[in-house]
Amino acid sequence: MSVSVLSPSRLLGGVSGILQVASLLILLLLLIKAAQLYLHRQWLLKALQQFPCPPSHWFFGHLQEFQQDQELQRIRKWVETFPSACPLWLWGGKARVLLYDPDYMKVILGRSDPKSHGSYRFLAPWIGYGLLLLNGQTWFQHRRMLTPAFHYDILKAYVGLMADSVRVMLDKWEKLLGQDSPLEVFQHVSLMTLDTIMKCAFSHQGSVQVDRDSQSYIQAISDLNNLTFSRARNVFHQNDTIYSLTSAGRWTHRACQLAHQHTDQVIQLRKAQLQKEGELEKVKRKRHLDFLDILLLAKMENGSILSDKDLRAEVDTFMFEGHDTIASGISWILYALATHPKHQERCREEIHGLLGDGASITWNHLDQMPYTTMCIKEALRLYPPVPSIGRELSTPVTFPDGRSLPKGIMVMLSIYGLHHNPKVWPNPEVFDPSRFAPGSAQHSHAFLPFSGGSR
């Protein structure tokens, strides 16, 4: 009797054969991947042999030592133990080299290496590929186009706008003083710096400090900061598809939507204003254009310069970068002064002597506050708003002490480590504004609170 070609036994045999072939292919791919990881790790071990570091786990690297509440303490210990630089091993045989020596910093920041894709790519769904994430010729074109927005003269006109934003914040604090309870200042300062950047860079009228939508944006930014930080340290969240299926991934998506709604509204509002009769010509006659007007006019005059996607990326980038790091810096300055009341009182006396009881600060006042400036710089040294930046070496590099790294290595310029390096700053944990007294000598790259170089 003949057996049908569609009989169950024939079908099961075919499926079994397919599964066996698929299993062999998967096993082969896993073996190839394992071999690649092994060879890459061996290459890294050889490339980093000149740079000693603490023992690391073969898979988790040093990540177990870097718990979120211990990271800064661990960096300070490494800075004291390992001169100039130290490899930081991540999961799966990946490594970054932490740099915290001013001579090393000077070498890297004087080059044109691209920002490392591995860590910065997590920011892309949030701020897009604007000046922060761009590299190469596209970065240069955007940077050259936006240079006039930060002309020295235009900053003078912004001082009055900044003072107005601060005054709104202080008025809010006056009302809260009677409640006799602790005040978390960071959100208030964030709203003030957002208000400032909205007025100075985006031609916004009014104050955003009493706008609930703006408070939602500030909360979204806070969430995205925390989510991005956590994702970078989670081995299971590196893949975009897998991350999008997690609760953190969905939370990130919602926070990005809130942030984008805010920036889209800013763009559309300014576009509508420029379409009013006479407004466009009035703006074009200005000697110095605001940041957003430069973006919009460049697109209006030559549509090939900026796409809508590029426009939104630059707005998202500067909306975030223009307020968040400044808010962090100001909040830590207030903390440093509050914990050192003698220095705080000297600053108060200096400013009161300059402004009296009611005068508003002007551009000309800024270089007449030497002691306050010293305290600001010392606070930024202790608590740098940008604790580290990353670069991927596009060519080999040799440092002044003769040690070298090959092309392809990821380096992390640890600004926090640099500012707490006892070989650069004696007694680095002590708040000592005299380090920045007029005439004091410093290495050109010993103090980098907001990074340095062309980027």
Side-chain angles (χ1 to χ4, degrees), residues 67-73 161-199 204 206-230 251 254-255 258-259 262 319-320 322-352 355-361 369 371-372 375-387 416 429-431 433 449:
Q67 302 300 321
Q68 289 191 19
D69 58 345
Q70 300 175 350
E71 182 166 349
L72 299 182
Q73 296 92 319
L161 297 174
M162 296 176 186
D164 290 340
S165 295
V166 172
R167 199 173 292 112
V168 172
M169 180 183 72
L170 295 180
D171 287 344
K172 290 169 63 180
W173 286 2
E174 286 283 355
K175 296 177 182 178
L176 293 170
L177 283 176
Q179 298 180 8
D180 193 27
S181 60
L183 174 66
E184 172 53 67
V185 301
F186 181 70
Q187 186 174 28
H188 290 265
V189 176
S190 294
L191 280 169
M192 182 272 292
T193 56
L194 178 63
D195 191 26
T196 299
I197 196 69
M198 290 278 284
K199 291 175 180 176
H204 183 77
S207 174
V208 304
Q209 297 188 64
V210 294
D211 182 357
R212 290 194 176 186
D213 289 339
S214 297
Q215 294 177 17
S216 298
Y217 172 75
I218 292 293
Q219 184 60 53
I221 296 303
S222 176
D223 292 344
L224 286 167
N225 270 320
N226 293 330
L227 288 163
T228 303
F229 182 85
S230 297
W251 189 0
R254 289 194 299 270
L258 284 172
H262 176 81
M319 189 73 73
F320 162 61
H323 90 273
D324 187 74
T325 52
I326 306 300
S328 175
I330 291 174
S331 298
W332 281 111
I333 290 166
L334 294 176
Y335 170 81
L337 291 175
T339 52
H340 298 87
K342 291 183 179 180
H343 296 295
Q344 180 175 256
E345 186 58 31
R346 284 192 62 178
C347 291
R348 181 181 288 112
E349 291 173 355
E350 181 178 69
I351 294 172
H352 186 268
L355 301 180
D357 292 324
S360 181
I361 196 168
M369 299 181 291
Y371 196 79
T372 302
C375 289
I376 290 172
K377 289 183 176 181
E378 177 65 351
L380 292 175
R381 181 192 68 81
L382 276 171
Y383 312 109
V386 181
Y416 182 86
E429 304 311 311
V430 175
F431 183 80

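Computation of the quantities below employed the complete heavy-atom set of this structure, encompassing side-chain atoms and omitting hydrogens, waters and symmetry-equivalent molecules.
Within the structure, every pair that satisfies the side chain to side chain donor-acceptor pair (under 3.5 Å) test and touches residues 325-344, not counting sequence neighbours, is listed here: His343-Tyr371.
When all heavy atoms are compared, the tightest approach of His188 to Glu184 is CD2-O, 3.5 Å. Taking both residues in full, the closest heavy atoms of Cys347 and Leu337 are given as SG-CD2, 4.1 Å, listed atom of the first, atom of the second, then distance. Smallest separation of non-hydrogen atoms from Gly329 and Leu380: CA-CD2, 4.1 Å. Taking all atoms of both residues into account, the shortest heavy-atom contact from Asp195 to Val208 is OD1-N, 3.2 Å. The minimum heavy-atom distance between Ser190 and Ala327, with the atom names listed, is OG-CB, 3.5 Å. Considering all non-hydrogen atoms of both residues, Met169 and Val189 come closest at SD-CA, 3.9 Å.
A 6.0 Å sphere centred on CH2 of Trp173 holds more than 12 heavy atoms belonging to other residues, nucleotides or ligands.
The NE2 atom of His323 lies 13.0 Å from the OG atom of Ser165; values are rounded to the nearest 0.5 Å. Rounding to the nearest 0.5 Å gives a distance of 8.5 Å between SG of Cys375 and CD of Glu350. The line from CD1 of Ile376 to CD1 of Ile330 is 9.0 Å long, rounded to the nearest 0.5 Å. Between Arg346 atom CZ and Ile351 atom CD1 the span is 12.5 Å, to the nearest 0.5 Å. In this structure, the separation between CG on Leu224 and CZ on Phe229 is 15.0 Å, given to the nearest 0.5 Å. Separation of atoms NE2 (His262) and CG (Leu258) is listed at 11.0 Å; rounding is to 0.5 Å.
With sequence neighbours excluded, no residue forms a side-chain contact (heavy atoms from CB on, under 4.5 Å) with Ser216. Applying the side-chain contact (heavy atoms from CB on, under 4.5 Å) test to Glu345 and every residue at least two apart in sequence or in another chain returns Arg348, Glu349. Residues meeting the side chain to side chain donor-acceptor pair (under 3.5 Å) test with Asp164, sequence neighbours left out: Arg167. Residues passing the side-chain contact (heavy atoms from CB on, under 4.5 Å) test with Glu429 are Arg76, His420, sequence neighbours excluded. Every residue meeting the side-chain contact (heavy atoms from CB on, under 4.5 Å) condition with Ala379, not counting sequence neighbours, appears here in chain and number order: Ile333, Ala336, Phe431.
By the 4.5 Å heavy-atom criterion applied to side chains, Met198 and Met319 are counted as neighbours.
With Thr196 contributing its side chain and Met192 its backbone, the two residues share a donor-acceptor pair below 3.5 Å. Within the 3.5 Å criterion, the main-chain N or O of Gln209 finds a donor-acceptor partner in the side chain of Lys172.
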